[in-house]
> 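First the structure, which I've put down as structure tokens, then a few questions once you've had a look.
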Amino acid sequence: MSQKNHRGTACVGALLACVTAFGGALASPAAASDTATPPPVSDFKGVNWADPRDNYAHDAVVPSGLSTSDSYATTYAKSKAIISGFGKLGANTVRLPVNPTSVNGPFWKSYRGAIDAATAKGFKVILGYWEADNAKDGKIDDQAAWDQMWARLTSAYAGNSKVYFEPMNEPFGYTAQEWTDVAARWVTKHRFIPRDRVLIGGYKYSEDVKPVCADPRLKGTRLALHNYGFWHTDWTSVDQWKADFKQRIGDCASRTVLDEFGASMTTGLDYNGPVNGSNEVAYIQAATDTIRELGLGSVYWPGLRNGDTYSLTTLQGTGTNLSLTVNNQSGLDRLHYAWNQ
């Protein structure tokens, strides 16, 4: 979300037996058969793992705690520790950023370690494309590079049923018709990916899933919704926020994953207590109530991002000896409520 003020600071079958295109990385083995019954959206209980600089980057996007200088083995070890920390929160899903520089360039050899470590721990992994920080017009920056990136990602992970694909984060530069056209082309081009493993972002800042939900070309895909409390800082009614969430979803709840939502976690707010005029408390209570009531999938922003006041955790340790500490227990309590835990 380019408007987030807190962010500024703070290939099927045979392909899997072959090396992937553009560099020769071996395709990951299937974690489970894709003929299995797909999980309902409510089984997506997750967190975002983000770059400290935000995921809008023209260079490689690097989640907090990782480094472009690390080997695959080191990245895997670091990621295993961090994913274990997310698991202790009750999460079973992690959303990771990708961009052409990360995937088409040298970082891919090690960045794969983060994906592989997560799926090895049984996590679902959502791979979402972010545009560059020097573009940020809500459109695909370079069509050829974007196509190459998705060719590499889908060929590597088509057989791993734990990996999900989100063609673009917050496509706000497109009209609803333009965006559904882009998304439909992606789905057609990657028809070997089961539709239930594709998340199509809502209109504009992924803020309204109804136009995507209504497009028959996208039938069977999941829908990615975003919503933030800072969009309406004067709203202090839980019911008002709940009505807003439901308006953005319409009758599409069974397909919707709220894969970005969040509020301040380092300022001492009590999300279990009375609202007391706080739009953030009202917003988080409404978001978690709505997730539970409608059976939505949910991926909190962020589970970990160094320097972000919204971060649910803080990273501790050095090298590969890493752990997470919770920044706001009441915030985690609300997630557990949303997740029926």
Side-chain angles (χ1 to χ4, degrees), residues 1-10 44 46-48 50-51 53-57 61 95-99 126-141 146 165-183 186 198-215 218 221-235 240-250 252-253 255-264 279-280 283-284 286-287 290-291 296-302 305 308-310:
M1 165 59 72
S2 60
Q3 295 177 346
K4 287 181 187 150
N5 51 22
H6 71 280
R7 283 193 176 181
T9 58
F44 288 77
V47 294
N48 282 269
D51 189 308
R53 306 164 301 165
D54 201 357
N55 293 337
Y56 292 97
V61 61
R95 183 169 178 250
L96 288 170
V98 293
N99 65 14
I126 301 170
L127 302 177
Y129 161 71
W130 264 258
E131 60 179 318
D133 56 348
N134 55 9
K136 296 189 79 169
D137 59 358
K139 296 183 177 182
I140 297 164
D141 296 336
W146 186 76
F165 307 93
E166 188 174 350
M168 185 172 185
N169 172 76
E170 299 184 348
F172 62 89
Y174 299 107
T175 66
Q177 185 62 58
E178 288 170 340
W179 170 235
T180 52
D181 287 346
V182 170
W186 192 99
V198 180
L199 282 78
I200 304 298
Y203 177 46
K204 292 185 178 179
Y205 291 94
S206 298
E207 66 194 66
D208 186 343
V209 301
K210 296 190 301 295
V212 177
C213 183
D215 195 312
L218 301 173
T221 62
R222 317 273 186 165
L223 311 173
L225 176 69
H226 294 181
N227 198 355
Y228 281 97
F230 64 82
W231 290 356
H232 298 285
T233 57
D234 57 334
W235 288 9
Q240 187 175 22
W241 275 111
K242 289 171 72 172
D244 179 70
F245 271 99
K246 292 176 180 180
Q247 187 279 328
R248 297 172 186 276
I249 297 167
C252 306
R255 294 172 61 188
T256 300
V257 178
L258 181 62
D259 73 359
E260 278 196 32
F261 72 106
S264 301
N279 82 298
E280 291 192 284
Y283 159 82
I284 285 293
T290 304
I291 291 164
L296 305 178
S298 55
V299 187
Y300 178 84
W301 176 279
R305 180 189 169 212
D308 190 340
T309 60
Y310 282 30

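Nothing fancy with the numbering, it's 1 onward along the sequence. Side chains are part of it too, since the values below use all heavy atoms of this structure and drop only hydrogens, waters and symmetry mates.
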> Excluding sequence neighbours, so at least two apart, what forms side chain to side chain donor-acceptor pair (under 3.5 Å) with S298?
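Partners of S298 by the side chain to side chain donor-acceptor pair (under 3.5 Å) criterion, ordered by chain and then number, come out as W339.
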> Would you name the heavy atoms of W179 and I200 that are closest together and state the gap between them?
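Heavy atoms of W179 and I200 come nearest at NE1-CG2, 3.8 Å.
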> Could you list the residues that satisfy side-chain contact (heavy atoms from CB on, under 4.5 Å) with A263, not counting sequence neighbours?
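Listed in chain order: Y271, E280, Y283, I284.
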> Any side-chain to backbone donor/acceptor pair from R222 onto V257? Under 3.5 Å, distance only.
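Judged by distance alone, no pair lies under 3.5 Å.
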> Just jot down the salt bridge (charged side-chain N to carboxylate O under 4.0 Å, His left out) partners of D141, sequence neighbours excluded, or say none.
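D141 satisfies salt bridge (charged side-chain N to carboxylate O under 4.0 Å, His left out) with no other residue.
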> Partners of T256 by side chain to side chain donor-acceptor pair (under 3.5 Å), sequence neighbours excluded?
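None.
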> Please walk me through it: do D259 and H226 pass side chain to side chain donor-acceptor pair (under 3.5 Å)?
CA-CA 6 Å; D259 73 359; H226 294 181; 2.7 Å; yes
> For N134, check side-chain contact (heavy atoms from CB on, under 4.5 Å) against everything at least two apart and list the hits.
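Partners of N134 by the side-chain contact (heavy atoms from CB on, under 4.5 Å) criterion, ordered by chain and then number, come out as H58, A132.
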> How would you list, by chain and number, every residue that makes a salt bridge (charged side-chain N to carboxylate O under 4.0 Å, His left out) with E131, sequence neighbours excluded?
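Partners of E131 by the salt bridge (charged side-chain N to carboxylate O under 4.0 Å, His left out) criterion come out as none, since no residue qualifies.
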> Does the ring centre of Y228 sit less than 6.0 Å away from the ring centre of F261?
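No - the distance between ring centres of F261 and Y228 does not fall below the 6.0 Å cut-off.
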> Quiz question: by atom type and distance under 3.5 Å, do the side chains of N55 and N169 form a donor-acceptor pair?
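Per modelled atom types, N55 and N169 side chains form no pair under 3.5 Å.
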> Between D208 and R248, is the closest basic N to carboxylate O distance under 4.0 Å?
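Result for this pair is no, no salt bridge flagged.
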> Name all residues meeting the side chain to side chain donor-acceptor pair (under 3.5 Å) criterion together with K139; count only those two or more places apart in sequence or in a different chain, and write none if there are none.
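Applying side chain to side chain donor-acceptor pair (under 3.5 Å) to K139 gives none.
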> In chain order, what residues pass the ring-ring contact (aromatic ring centres under 6.0 Å, His included) check against F44, with sequence neighbours excluded?
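Listed in chain order: Y164.
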> Tell me whether K204 is salt-bridged to E170, with the criterion being a basic N under 4.0 Å from an acidic carboxylate O.
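No salt bridge links K204 with E170.
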> In chain order, what residues pass the side-chain contact (heavy atoms from CB on, under 4.5 Å) check against D215, with sequence neighbours excluded?
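Expected list: T180, R217, L218.
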> Taking only residues two or more places apart in sequence, or in another chain, which ones meet Q240 in a side chain to side chain donor-acceptor pair (under 3.5 Å)?
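Q240 satisfies side chain to side chain donor-acceptor pair (under 3.5 Å) with no residue once adjacent residues are dropped.
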> Give me the atom names and distance for the closest heavy-atom approach of Y129 to I140.
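Smallest interatomic distance, heavy atoms only, reads OH-CA, 3.9 Å.
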